[in-house]
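Reading through the structure tokens given below for one structure.
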Amino acid sequence: MPTSGRTRIKDLLDVERLDNVSNPVAVNGWVKTVRSSGGVSFVQINDGSSLADLQIVVDASCPDYALVGNLTTGCSLTVFGVLQESLGRGQKYEVVASSLEMLGGADPEEYPLQKKRHTLEFLRELAHLRPRTNTFGAVARVRNAMAFGIHQFFQQRGFLYIQTPIITASDAEGAGAMFRATTLDLDNLPTQAGHVDNDADFFGRPAFLTVSGQLEAEIFAQAMSDVYTFGPTFRAENSNTSRHLAEFWMVEPEVAFCDLDGLAQLAEDFLRGIFAHVLETCPEDMAFFNRFYDKELIATLEDIANSDFERMTYTEAVRLLEESGESFEFPVRWGADLQSEHERYLTERKVGRPVIVTDYPSAIKAFYMRLNDDGETVRAMDVLVPRIGEIIGGSQREERLDVLQRRMVEAGLDDAPYWWYLDLRRYGTTPHAGFGLGFERTVQFATGMQNIRDIIAFPRTPRSAEF
RNA sequence: UCCCCUGUAGCUCAGCGGUAGAGCGGGCGGCUGUUAACCGCUAGGUCGCAGGUUCGAAUCCUGCCAGGGGAGCCA
């Protein structure tokens with residue numbers, strides 16, 4: 001019987017509420033492993049509520065004892081029994097079953113998950129079953145806690161959560177290649193004068209999946225002052241790395257009456273806050289990642305949560321790299337973007353903790369970033385962290401209409417589609433700033449997981465969109 | 001998109017010119033409290049795909065496909 005009134009394993013094993021002990025309980029879960037020894041069997045189950053499994057003891061006194069022979073890894077169960085202190089050594093408490101029902105079997109000759117460790121590459125092919133493993137259960141819980149912590153951080157500071165569109169007609173948001181969203185029949189494209197007739201498309205114009213909610217967030221910042229988005233974004237780049245996804249979630253705060261210094265402080269408070277949050281709310285899962293994936297993980301996160309970030313300008317960063325005596329594969333030159341190896345040297349070896357680099361050359365940054373008085377650099381910032389590199393990119397936005405228009409011309413952009421963006425500078429413009437944080441990269445950093453495809457439930461990467 | 005590495009049993013891998021292997025998992029049996037339980041027996045393979053070299057190819061060569069690592073692009 002699928003039970004209402006069941007107790008989650010997490011609550012059952014919660015030492016604070018051990019009024020459960022010696023009382024009848026109902027639990028559900030999926031079988032991890034079954035061990036039988038003479039007249040006693042041990043069935044280890046997990047329901048996803050915590051990393052810890054629950055051991056069910058079934059002996060001949062249980063009327064359903066004969067059922068145990070049919071239980072295999074992966075099948076689902078309802079158990080009625082009594083929680084007791086365990087006689088064995090591997091766990092403090094266990095449930096002695098008084099009755100047992102298998103809800104769904106899992107043919108052991110076919111069920112692909114075994115009660116031993118699998119490689120992450122193999123599990124990636126089983127995205128529908130991998131949440132049942134320790135690692136992916138832990139990732140799901142940590143990801144959930146961090147999403148909640150992000151909302152909590154902004155809500156406590158009075159930020160308004162806004163939802164920006166996923167489909168956009170702006171074809172140059174300035175952040176990479178876009179996916180086209182169309183209802184046109186690709187096998188029979190309507191044409192007009194030898195070109196695709198976009199007027200026949202759903203929106204009467206080309207439309208795309210958004211690469212960023214920034215421009216729309218700026219609209220609301222120019223009315224509500226402090227806003228943030230948290231939603232999916234899409235990049236059609238042919239990126240094949242452990243840090244890139246074609247579909248990923250991004251957090252983008254946008255703040256009016258704020259300059260780059262204020263934004264850098266917000267970014268630092270934000271990262272320190274969410275890492276502290278995950279350490280506090282997921283100690284069991286974090287201990288798991290620390291043990292199996294990165295022995296320095298908890299120490300690193302605690303260090304970040306408790307110490308100030310380093311700040312330097314791009315020009316200072318270039319000087320430090322030039323003076324480092326390191327032999328880099330790519331030369332260091334003022335005016336060229338920092339390479340991965342440069343960023344990692346700065347954050348991992350030079351400083352040893354997160355670094356905020358500001359004021360990049362205007363030529364290598366987007367048109368909407370505010371031009372400095374030197375005419376050569378813009379008020380951009382990247383937050384670099386060890387192992388991942390860039391985790392946040394942001395800037396103070398250009399609020400001066402004439403400068404913005406000049407920058408758009410220099411970038412070769414037609415300003416007509418941006419009439420509304422320019423209007424924000426025409427009517428009550430303000431100094432404002434915002435950044436974008438890759439959510440998966442942040443969870444990746446917090447868990448010590450090596451590959452971003454293991455951070456999102458159903459990863460989309462080039463040539464890969466199963467599930 | 002570029003560079004490098006890897007595709008052998010359900011999984012993890014060994015074998016690297018001469019009869020296809022191990023551990024785990026599965027099946028059967030045993031075991032009175034187990035902890036990825038343990039012990040015994042057992043089934044299981046177009047060696048990624050296509051071509052080539054050779055008396056003979058999992059093994060050497062070429063192409064393609066897939067996976068991984070790194071780079072670029074970025075978050």
Side-chain angles (χ1 to χ4, degrees), chain A residues 32-44 52-61 68-69 72-74 84 86-91 94 96 106-126 133-134 173-177 211-214 232-252 267 328-330 336-344 364-366 382-385 388-394 435-445 450-456 461-464 466:
Chain A
K32 280 271 184 67
T33 174
V34 182
R35 297 178 289 268
S36 292
S37 183
V40 195
S41 288
F42 305 90
V43 184
Q44 209 166 306
D53 299 326
L54 176 68
Q55 175 161 286
I56 309 293
V57 183
V58 194
D59 60 28
S61 70
V68 174
T72 56
T73 301
Q84 296 188 349
S86 179
L87 302 176
R89 258 181 251 164
Q91 58 288 312
E94 63 194 11
V96 178
D107 184 347
E109 296 201 29
E110 290 177 5
Y111 187 65
L113 294 182
Q114 303 173 0
K115 54 189 175 189
K116 62 165 191 165
R117 284 180 77 166
H118 288 294
T119 60
L120 298 173
E121 291 80 13
F122 175 65
L123 292 172
R124 242 166 255 157
E125 299 167 5
L126 304 171
T133 65
N134 290 336
E173 288 173 352
V211 295
S212 166
Q214 178 196 319
T233 52
F234 307 86
R235 304 281 166 90
E237 305 283 354
N238 190 9
S239 295
N240 295 284
T241 82
S242 55
R243 306 183 308 282
H244 288 86
L245 293 165
E247 175 181 300
F248 65 100
W249 284 59
M250 193 148 63
V251 178
E252 295 180 285
F328 295 110
E329 187 186 346
F330 295 91
D337 212 350
L338 300 179
Q339 303 291 313
S340 288
E341 58 175 343
H342 304 147
E343 295 178 344
R344 294 188 65 161
I364 58 172
K365 289 293 182 181
D382 283 356
V383 182
L384 311 177
V385 296
I388 304 282
E390 183 182 342
I391 197 168
I392 282 179
F435 66 74
L437 167 109
F439 182 54
E440 283 77 15
R441 283 191 187 173
T442 310
V443 179
Q444 189 182 358
F445 183 75
Q450 295 289 315
N451 197 311
I452 201 166
R453 297 176 184 104
D454 300 326
I455 297 303
I456 193 164
T461 54
R463 308 195 61 80
S464 177
E466 192 72 51

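Residue numbers start from 1 in every chain, and the chains themselves are labelled A, B, ... in the order their sequence lines are given, proteins ahead of strands.
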>> Regarding A:Ser242 and A:Gln450, do their side chains bring together a donor and an acceptor under 3.5 Å, going by distance alone?
In response: no

>> Does A:Asp59 contact B:rU32 through a side-chain donor or acceptor facing the base, at a distance under 3.5 Å?
In response: no

> Which base, if any, makes a Watson-Crick or G-U wobble pair with B:rC2, both distances under 3.5 Å?
Replying inline: B:rG70

>> Would you say A:Arg243 places a side-chain N or O within less than 4.0 Å of OP1 or OP2 belonging to B:rC73?
In response: no

> Picking from B:rA75, B:rG68, B:rG25, which would you name as closest to the side chain of A:Glu121?
Replying inline: B:rG68

>> Does B:rA36 have OP1 or OP2 under 4.0 Å away from a side-chain N or O of A:Arg35?
In response: no

> Does the ring center of A:Phe328 lie less than 6.0 Å from the ring center of A:His342?
Replying inline: yes

> Considering the options A:Val385, A:Leu338, A:Asp337, which one meets the side-chain contact (heavy atoms from CB on, under 4.5 Å) requirement together with A:Glu343?
Replying inline: A:Leu338

> Across the strands shown, which category fits A:Glu109 at heavy-atom distances under 4.0 angstrom: base, sugar-phosphate, nothing?
Replying inline: sugar-phosphate

> For A:Ser36, which contact category applies under a 4.0 Å heavy-atom criterion: base, sugar-phosphate, or nothing?
Replying inline: base

> With a centroid cutoff of 5.5 Å and a plane-angle limit of 30°, would you call A:Phe248 stacked on B:rA75?
Replying inline: yes

> Do A:Asn240 and A:Arg463 touch side chain to side chain, with heavy atoms closer than 4.5 Å?
Replying inline: no

> Which nucleotide, B:rG27, B:rG68, B:rG33, lies nearest any side-chain atom of A:Arg453?
Replying inline: B:rG68

>> Ignoring hydrogens and geometry beyond distance, is the side chain of A:Glu94 in donor-acceptor contact with the base of B:rG33 at under 3.5 Å?
In response: yes

> Is A:Phe42 touching bases, backbone alone, or none of the nucleic acid, heavy atoms closer than 4.0 Å?
Replying inline: base

>> Need one value for A:Ile391: base, sugar-phosphate or nothing, where a base atom within 4.0 Å counts as base even if backbone is also close, heavy atoms only.
In response: sugar-phosphate

>> On the nucleotide B:rG70, are OP1 or OP2 found under 4.0 Å from the side-chain N or O atoms that A:Ser242 carries?
In response: yes

>> Would you say A:Asn451 places a side-chain N or O within less than 4.0 Å of OP1 or OP2 belonging to B:rG69?
In response: yes

> With respect to the phosphate group of B:rG72, does any side-chain polar atom (N or O) of A:Ser340 fall under 4.0 Å of OP1 or OP2?
Replying inline: yes

> Do A:Arg441 and B:rC74 have a side chain to base donor-acceptor pair shorter than 3.5 Å?
Replying inline: yes

> Side chains of A:His244 and A:Arg441: does their closest heavy-atom pair fall under 4.5 Å?
Replying inline: yes

> Looking at the side chain of A:Gln114, which of B:rA75, B:rC24, B:rU1 is the nearest nucleotide?
Replying inline: B:rC24

>> What I want to check is whether an N or O donor and acceptor connect the side chain of A:Ser239 with the base of B:rC73 at under 3.5 Å.
In response: yes

> With respect to the side chain of A:Gln55, which nucleotide from B:rU35, B:rG69, B:rA71 is positioned closest?
Replying inline: B:rU35

> To the side chain of A:Asp337, which of B:rG72, B:rC74, B:rU12 is closest?
Replying inline: B:rC74

>> If you only use heavy atoms from C-beta on, which nucleotide in B:rU35, B:rG69, B:rA75 is closest to the side chain of A:Gln91?
In response: B:rU35

> Looking at B:rG72, does its base get a donor-acceptor pair with the side chain of A:Glu237 below 3.5 Å?
Replying inline: no

> Which part of the nucleic acid, if any, lies within reach of A:Thr33 when heavy atoms closer than 4.0 Å are counted: base, sugar-phosphate only, or nothing?
Replying inline: sugar-phosphate

>> At 4.0 Å (heavy atoms only), tell me whether A:Pro108 reaches a base, stays on the sugar-phosphate, or touches nothing.
In response: sugar-phosphate

> Between A:Ser37 and B:rG33, does any side-chain N or O lie under 4.0 Å from OP1 or OP2?
Replying inline: yes

>> Between B:rC24 and A:Lys115, counting only base atoms on the nucleotide and side-chain atoms on the residue, is there a donor-acceptor pair under 3.5 Å?
In response: no

>> Given B:rG10, B:rA66, B:rC73, identify the nucleotide with an atom nearest to the side chain of A:Arg463.
In response: B:rA66

>> On the nucleotide B:rU35, are OP1 or OP2 found under 4.0 Å from the side-chain N or O atoms that A:Gln44 carries?
In response: no

>> Under 4.0 Å from OP1 or OP2 of B:rG68: is there any side-chain N or O of A:Arg124 that close?
In response: yes

> Between A:Val34 and A:Lys115, which heavy-atom pair has the shortest distance, and what is it?
Replying inline: O-NZ, 3.7 Å

> Across the strands shown, which category fits A:His244 at heavy-atom distances under 4.0 angstrom: base, sugar-phosphate, nothing?
Replying inline: base

> If you check every side-chain atom of A:Lys116, which of B:rG33, B:rA71, B:rC11 has the closest atom?
Replying inline: B:rC11

